[in-house]
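Right, one structure below, let's go through it.
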Amino acid sequence: QVKLVESGGGSVEIGGSLRLSCAASGTYISGCMGWFRQATGKEREEVAAIDYDGSISYADSVKGRFTISKENIKNTLYLQMNSLKPEDTAMYYCAADNRYLLHTLDKDMYTYWGQGAQVTVSS
């Protein structure tokens, strides 16, 4: 059974930084992994995605501020978040699939999901 566990969430001031991690277990993820987020009262939205070969997509709202990366040997996904804004406040979810998904930002394409990590940005 595949399990994704996020860590690294927390509270930070405007302009601060956080790094999220997502450790996968139960199977080796040989396809696509991504980060999505959901603010209170809103739908889950895309953040970034990375394929096994390192190809990456970002949502326009985080381009230039967030960096997605992956350590294949550790089966772990990361999201470095810089210059954080209040609108980045949300529960952040890790997602994975063993297919090559062309680093898609379509959340419906992912099979496996973590439980989420809360990120709160305040002044």
Side-chain angles (χ1 to χ4, degrees):
Q1 183 177 352
V2 177
K3 187 175 182 180
L4 303 177
V5 179
E6 301 96 336
S7 61
S11 297
V12 65
E13 293 185 346
I14 294 174
S17 298
L18 282 173
R19 188 172 90 147
L20 301 179
S21 299
C22 171
S25 61
T27 190
Y28 184 74
I29 303 298
S30 58
C32 193
M33 298 187 78
W35 289 100
F36 296 80
R37 66 187 182 186
Q38 187 167 16
T40 302
K42 295 188 176 181
E43 291 191 0
R44 192 168 299 190
E45 65 177 15
E46 67 277 4
V47 175
I50 184 169
D51 262 305
Y52 190 81
D53 63 1
S55 303
I56 290 172
S57 294
Y58 290 103
D60 289 342
S61 58
V62 305
K63 279 181 182 176
R65 300 188 299 122
F66 290 11
T67 302
I68 189 172
S69 62
K70 188 158 66 78
E71 281 191 84
N72 289 332
I73 195 169
K74 291 185 177 181
N75 219 18
T76 300
L77 179 72
Y78 303 98
L79 184 69
Q80 177 66 43
M81 304 183 290
N82 299 328
S83 303
L84 283 160
K85 306 175 182 180
E87 51 264 44
D88 295 318
T89 295
M91 186 72 78
Y92 282 70
Y93 296 92
C94 172
D97 198 283
N98 273 325
R99 297 170 293 171
Y100 181 73
L101 299 178
L102 291 175
H103 41 96
T104 183
L105 294 174
D106 182 351
K107 62 184 181 296
D108 294 330
M109 297 298 292
Y110 291 84
T111 302
Y112 309 112
W113 290 84
Q115 293 300 305
Q118 178 67 38
V119 171
T120 303
V121 185
S122 58
S123 57

Side chains of [X] and [Y], heavy atoms from C-beta outward: is any pair under 4.5 Å?
| X | Y | value |
| --- | --- | --- |
| W35 | C94 | yes |
| L20 | V119 | yes |
| T67 | Y58 | yes |
| S17 | V12 | no |
| R37 | D88 | yes |

Which atom pair, heavy atoms only, marks the closest approach of [X] to [Y]?
| X | Y | answer |
| --- | --- | --- |
| R99 | D51 | O-OD1, 4.3 Å |
| A39 | A90 | N-CB, 3.8 Å |
| N82 | Q80 | OD1-NE2, 2.9 Å |
| T104 | A49 | O-CB, 3.3 Å |

Problem - Residue pairs involving residues 74-120 (criterion ring-ring contact (aromatic ring centres under 6.0 Å, His included); sequence neighbours excluded) - result: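 As it turns out, the ring-ring contact (aromatic ring centres under 6.0 Å, His included) pairs with a partner in residues 74-120, which skip direct neighbours, are F36-Y110, F36-W113.
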
Practice task
Taking atom CD of E87 as the centre, report whether more than 12 heavy atoms of other residues, nucleotides or ligands fall under 6.0 Å from it.
Solution key: yes

Exercise for the section: Check the surroundings of atom CD in Q115: do more than 12 heavy atoms from other residues, nucleotides or ligands lie under 6.0 Å from it? Expected result: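 For Q115, atom CD is not crowded (no more than 12 foreign heavy atoms under 6.0 Å).
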
To the nearest 0.5 angstrom, please state how far the [atom1] atom of [X] sits from the [atom2] atom of [Y].
| X | Y | atom1 | atom2 | value |
| --- | --- | --- | --- | --- |
| K107 | Q38 | NZ | CD | 8.5 Å |
| T27 | K3 | OG1 | NZ | 15.0 Å |
| E6 | L4 | CD | CG | 7.0 Å |
| S57 | I50 | OG | CD1 | 10.0 Å |
| S69 | L77 | OG | CG | 7.0 Å |

Problem - Short N-O contact, K63 and D60, less than 4.0 angstrom - result: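 The answer is yes: the pair qualifies as a salt bridge.
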
Problem - Side-chain donor/acceptor of N75 to backbone N/O of I29, under 3.5 Å - result: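 At least one qualifying donor-acceptor pair exists.
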
Exercise for the section: Run through T89, V62, L18, T120 and flag the one making a side chain to side chain contact (heavy atoms under 4.5 Å, CB included) with L84. Expected result: L18

Exercise for the section: Check the hydrophobic clustering (I, L, V, M, F, W, Y; side-chain heavy atoms under 4.5 Å; chains of links allowed) and say if L105 and I56 are grouped together. Expected result: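 L105 does not cluster with I56.
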
